[in-house]
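Following: one structure in structure tokens, then a few remarks.
Each chain gets a letter, A, B and so on, in the order its sequence line appears, and its residues count up from 1. Just so it is clear, the model here is predicted, and its values are computed rather than measured.
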Amino acid sequence: MSTQRKQYPFPEFEAKWQKHWLDKKSFRASNPGDADFDAKKPKYYVLDMFPYPSGDGLHVGHVEGYTATDIIARYKRMNGFNVLHPMGWDAFGLPAEQFAIKTGQHPRVTTERNVARFREQLQGIGFSYDWDREVSTTDPEYFKWTQWIFLKLYNSWFDPAQNKARPISELITQRKSELPNESETEHRAFLDSKRLAFVSEVPVNWCPELGTVLANEEVVDGKSEVGGFPVERRPMRQWMLRITDYAERLISELDGLDWPESIKLLQRNWIGKSEGAQAKFDIADSAAEIEVFTTRPDTLFGATYMVLAPEHSLVDEIITEGQKAAVAEYRKKVGSKSDLERTDLAKDKSGIFTGAYAINPVNEERIPIWIADYVLMGYGTGAIMAVPAHDERDWEFATQFGLPIRQVVAQEPPTSGTVCDMPPAECFKEIGYAVNSGFLDGLKTPEAKQKMAEWLEVKSLGKRTINYKLRDWLFSRQRYWGEPFPVVWAGRQHQALEESELPVVQPEMEDFKPTGTAEPPLAKAKDWVRYSDKLQRETNTMPQWAGSCWYYLRFCDPKNAGRFIGEEAERYWAQGTNSKTHGGVDLYIGGTEHAVLHLLYARFWHKVLFDLGYLSTVEPFQRLINQGIILGPDNQKMSKSRGNVVSPDTVIAEFGADALRLYEMFMGPLEQMKPWSQKGVEGVYRFLARVWRLAMEENQEGDWTVSPALKEMEMTPRQLKVVHATIKKVTEDIEKLSFNTAIAQMMICVNEFASSEERPVEMLRVLLRILSPLAPHLTEELWEILRGKFSGFEGLASQQTWPTYKEDYLLEEEVEIVLQVNGKIRDKILISKNATKESTEEAAMSNPKVKEGLEGKTVVKVVVVPAKLVNIVVK
RNA sequence: GCCGAUGUGGCGGAAUGGCAGACGCAACGGACUUAAAAUCCGUUUCCGGGAAACUGGAGUGUGGGUUCGACCCCCACCAUCGGUACCA
């Protein structure tokens, strides 16, 4: 096949037009202040999730999303928009560093090589990016601003009263006036407890194989997401970002976004809001108290024991002499468990009695305090009241250890005086009616919750609370190939560098292998680490997410040396088309793998920058679409090990970039998972060849010349109808991102003309324009060829205005009506489009086939849908 | 377990209350050709009847329901894929 003559000369003209577009900057977007900026043009920002430039090159999965955005970008330009359609590189990251270690090359070298390859591949598909705006997260001119944003986080705090971030300087002033005599150490400790970027000694996910800590999000089933290496918990001092302060806004501000509901739900679940109450339990023979969080305060009368997380600080304080050894042993055992073991053993509960008792505040009952690893230190207060009758985990634990179970919620409202005191046969988690619960008895669960919460508040024993699953974001990594922190240390005290010292660039190092300890590779660059006599540089680097948190902003003003984004550019590009406050990115397309992580982190940074007055919108991405995964031809996920990976390069070599683009869009709905088919590519390739031959034919010498069948002539009503129906359908389908059906309609249109002896040129003036966003090279070439021969082919096809359709051509005088008897089709008739209901019904009743169906039956009802159908119901 | 998505010919899919299978692939038949490729024309959901134009029946994962009418709306279930997992 590959040695065969191509059905149209794409190898020549595709390269030609790619070069032309690039040289002439045909798709440059202009910024406010540019000489050619036109303020009257509406703006449209259409963005891809920029790739990590891996050594494998571009994947057909990338091409799918990128083609979709490219079609929209080209379509919007043709509709008069100033379109921002940029591309860049998320080029920091572990694979580059590991490859560098393996081959002994500097990651910057391999990264640059990979970027060059990706750029060449993308340009070889004819994507209409504004290449003047290309950015890379690894460029010091870029990460200077990533570090700058970190400084903003470091120098800010979240004010719950205003529900927004504010500069830390305001807090310093406030604190100094409130506590003028506070010591410097205490003052610093207070500030550090408020900063949005802070250092904390926390149990982290340490991956010995990778020599780094990982975010919770990067750990899958107890293994690293990258490489699948085992991950263990260990406490380490790490940089954290206080994303939890934004939990509520990250949920509520999703509302105005035009995102798939399933993705919003994924984010909501990840943040995991739950409403309930906090309650204090006294400890018998001790001054200490245990604070617990519960979503079911109505079940307080059913709390028959308590559980502390093994790491809970109260354990040492309350433990009785006799239990010390046993508890110590249990804690040791739990501590050595990896996350994997913890989940593996989730079936069997384990725990141990501390010997201490708490007092249930509602009934003064003494209940035992246990420790168990099914209670997590990181959620709520790290302690629970156990209500085995109404919580499955507590039920399992109580059953296993023989602890009492008391029913306090009944499915049915209790009838007077028949409260059963027997332990229930199974766990009842649903809502119902309070029983055995003193002042709550008889109340429905929601009311009982309410009443108990009020009771706790009145007695000062607790209060209504909201808890989130979301944890603060672990923001440091022990890697070389990442953004260094703009931070120095004086002993145990950190301090931020001045903005003027940015960027902080990694030192050139021969050896950036992991140290095998918790110490990052940068620590080995002693000269670099030594900042001054007293100060040492921070040696951790930022995670890969950092650079991708704000790249969409940099694209708006990529060359600005004085600001991360210019104010004017921000106001122009970063504001939504439909809303001033939401979503400057009008359309964002990428894979679901970023549904929680990247999108949550980017939203968080965006909100902080908004709060601090640097941005004018609260949300970055107005509309989000996830493209579906492309499977291999064997219906399996593409992977090197399966050997079913399809490379865009080979497809282009054989069928051209237009065919690749068109096939990716013709496969099926963008958001759906679908398998690759070589035959399918050939199908769209044939279609493109047919379009080519509408205008061209081969002469004796085998050269392509303009077809003599092409004539300046009137279209027949039938042809007008097809052409205008096609404009309509393609326009509507592109707006809906329903590219597969848009292509199908264009195929219908081409089939209509392909076999005609004489072909009207007007048809090509329309078709080449509406096909241009999908197959830009072929249409550009034909447009140019026809320029000399016919009028109306001036300029570039890709810079034409989008055609409009006339509704008049779509309607015919007569419409086909379906005649049904009892829902079964009897006949189809043609009838005037203006026929009344009555005359339509009359025509149906007098139809011979309908009459046949009515014989010997009684007409019960006649349903007439004008211009569509008549259904006669008989008995 | 929980949450979400999907289920239509041999295959990818179309139609989202009104002619199920648009468009494409594959297959089969034909034209062109010394031959092949390419191209063009035709047939193609399944089962049955007919030499044929045709004609009878069934049909959108399964079972129920709403409706004159359901791939589409409602209820229950099954399967596949994805997310998540002791979050009190």
Legend entry - Side chain of A/Val863 (C-beta onward), nearest among B/C68, B/G12, B/G13: B/C68

Inset, instruction - Using a heavy-atom cut-off of under 4.0 Å over every strand shown, decide if A/Lys469 touches base, sugar-phosphate, or nothing. - result: base

Inset, instruction - Please determine if a side-chain N or O atom of A/Thr592 lies less than 4.0 Å away from the OP1 or OP2 oxygen of B/G82. - result: no

Inset, instruction - Look at A/Asp394 together with A/Arg406 and state whether they make a salt bridge at an N to O cut-off of under 4.0 Å. - result: no

Legend entry - Presence of salt bridge, A/Glu654 and A/Lys6, under 4.0 angstrom: no

Inset, instruction - Apply the ring pair (Phe, Tyr, Trp, His ring centres under 6.0 Å) test between A/Tyr601 and each candidate in A/Trp473, A/Trp270, A/Tyr246; give the one that qualifies. - result: A/Trp473

Inset, instruction - Please give the nucleotide sitting opposite B/U80 as a Watson-Crick or G-U wobble pair, both distances under 3.5 Å, or none. - result: B/A5

Legend entry - Minimum-distance nucleotide (side-chain atoms of A/Thr741 versus B/C25, B/A14, B/G18): B/A14

Legend entry - Identity of whatever pairs with B/A58 - Watson-Crick or G-U, under 3.5 angstrom: B/U45

Inset, instruction - Name the nucleic acid region contacted by A/Gly683, choosing base, sugar-phosphate or nothing; use a 4.0 angstrom heavy-atom cut-off, strictly under. - result: sugar-phosphate

Inset, instruction - Return the orientation label for the A/Phe10 and A/Tyr685 ring planes: parallel under 30°, perpendicular over 60°, tilted otherwise. - result: perpendicular

Legend entry - Distance, rounded to the nearest Å, where A/Asn871 contributes CG and B/A70 contributes C1': 13 Å

Legend entry - Gap between atoms CG and P, on A/Leu470 and B/A85 respectively (whole Å): 13 Å

Legend entry - For atom NZ of A/Lys736 and atom P of B/A15, their distance in whole Å: 7 Å

Inset, instruction - Just name whichever nucleotide pairs with B/G63, Watson-Crick or G-U, keeping both distances under 3.5 Å, else none. - result: B/C75

Legend entry - side-chain N/O A/Lys861 vs B/C68 OP1/OP2, d < 4.0 Å: yes

Inset, instruction - Would you please confirm or rule out a distance under 4.0 Å between OP1 or OP2 of B/G18 and any side-chain N or O of A/Lys868? - result: no

Inset, instruction - In whole angstrom, give the distance that lies between atom CD of A/Glu392 and atom P of B/C86. - result: 13 Å

Inset, instruction - Answer yes when A/Glu275 and A/Arg464 have at least one side-chain N-carboxylate O distance shorter than 4.0 Å, and no when they do not. - result: no

Legend entry - Whole angstrom value for the distance that separates C1' of B/A5 from CG of A/Leu631: 14 Å

Inset, instruction - Pull up the glycosidic torsion of B/G9 and say syn or anti, syn being anything within 90° of 0. - result: syn

Legend entry - Electrostatic pair A/Lys349-A/Glu396, nearest N-O below 4.0 angstrom: yes

Inset, instruction - Just call it for A/Asn751: base, sugar-phosphate, or nothing, with non-hydrogen atoms closer than 4.0 Å on any strand. - result: sugar-phosphate

Legend entry - Among B/A88, B/C23, B/A26, the one nearest A/Arg686 by side-chain distance: B/A26

Inset, instruction - Can you tell me, in whole Å, how much space there is between the P of B/G64 and that of B/A70? - result: 14 Å

Inset, instruction - Could you work out which one of B/C19, B/A88, B/A26 sits closest to the side chain of A/Ile825? - result: B/C19

Inset, instruction - Measure from the side chain of A/Asn740, starting at C-beta and using heavy atoms only, and say which of B/A88, B/A14, B/A22 lies closest. - result: B/A14

Inset, instruction - Kindly state whether the ring of A/Tyr305 and the ring of A/Phe397 have centres lying under 6.0 angstrom apart. - result: yes

Legend entry - A/Arg268 atom CZ, neighbour heavy-atom count above 12 within 6.0 Å: yes

Inset, instruction - With heavy atoms under 4.0 Å as the rule, sort A/Thr295 into base, sugar-phosphate or nothing. - result: sugar-phosphate

Inset, instruction - Give the nucleotide from the list B/G12, B/G18, B/G83 with an atom nearest to the side chain of A/Val865. - result: B/G18

Legend entry - A/Tyr685 OH - B/G12 P separation (whole Å): 26 Å

Legend entry - Earlier contact from the 5' end, RNA chain B, for A/Phe666 and A/Arg296: A/Phe666

Inset, instruction - Round to the nearest Å and state the distance from A/Leu266 atom CG to B/G82 atom P. - result: 14 Å

Inset, instruction - Would you indicate, yes or no, if B/A38 has its OP1 or OP2 atom less than 4.0 angstrom from a side-chain nitrogen or oxygen of A/Arg693? - result: no

Inset, instruction - For B/A15 versus B/G9, give the span between their C1' atoms, rounded off to a whole number of Å. - result: 15 Å

Legend entry - A/Asn635 side-chain N/O to B/C11 phosphate OP1/OP2 under 4.0 Å: no

Inset, instruction - Whole angstrom is fine here: how far is it from CZ in A/Phe687 over to P in B/A38? - result: 19 Å

Legend entry - Rounded C1' spacing from B/A14 to B/U60 in Å: 12 Å

Inset, instruction - With C1' as the reference atom in both, quote the distance from B/A76 to B/U66 in angstrom, rounded to an integer. - result: 15 Å

Inset, instruction - Among B/C68, B/G24, B/C81, find the nucleotide with the atom closest to the side chain of A/Val873. - result: B/C68

Legend entry - Closest-nucleotide 5' rank along RNA chain B - winner of A/Gln672 and A/Glu816: A/Gln672

Legend entry - B/A5 and B/G59, which share atom name C1', separated by this distance in whole Å: 25 Å

Inset, instruction - With heavy atoms under 4.0 Å as the rule, sort A/Asn269 into base, sugar-phosphate or nothing. - result: sugar-phosphate

Inset, instruction - State the pairing partner of B/A38; accept Watson-Crick or G-U wobble contacts with both distances under 3.5 Å, and report none otherwise. - result: none

Inset, instruction - Would you classify A/Met673 as touching base, sugar-phosphate or nothing, given that sugar-phosphate means primed atoms plus P, OP1 and OP2, and contacts are heavy atoms under 4.0 Å? - result: sugar-phosphate

Legend entry - Polar pair under 3.5 Å, donor/acceptor by atom type, side chain A/Lys349, base B/C86: yes

Legend entry - Sugar-phosphate only, base, or nothing, as touched by A/Ile748 at under 4.0 Å among non-hydrogen atoms: sugar-phosphate

Legend entry - P atoms of B/G10 and B/G17, separation to the nearest Å: 27 Å

Legend entry - Under-4.0 Å salt bridge between A/Glu64 and A/Arg661: no

Inset, instruction - Return the nucleotide paired to B/G24: Watson-Crick means purine N1 to pyrimidine N3 with N6-O4 or O6-N4, wobble means G-U with N1-O2 and O6-N3, both under 3.5 Å. - result: B/C11

Legend entry - Residue A/Leu376, side-chain atoms from C-beta onward, closest of B/A88, B/C23, B/G4: B/A88

Inset, instruction - Considering only atom C1', compute the distance from B/G56 to B/C81 and round it to an integer number of Å. - result: 41 Å

Inset, instruction - Could you tell me whether A/Glu248 and A/Lys273 have a side-chain N and a carboxylate O separated by less than 4.0 Å? - result: yes

Legend entry - Spacing of the P atoms in B/G7 and B/U62 (rounded, Å): 13 Å

Legend entry - Counter-base of B/C68, judged by Watson-Crick or G-U geometry with both distances under 3.5 Å: B/G18

Legend entry - Closest nucleotide among B/A14, B/G24, B/C19 to the A/Pro669 side chain: B/A14

Inset, instruction - When you get a sec, tell me which of B/A88, B/G4, B/C19 is the closest nucleotide to the side chain of A/Ile384? - result: B/A88

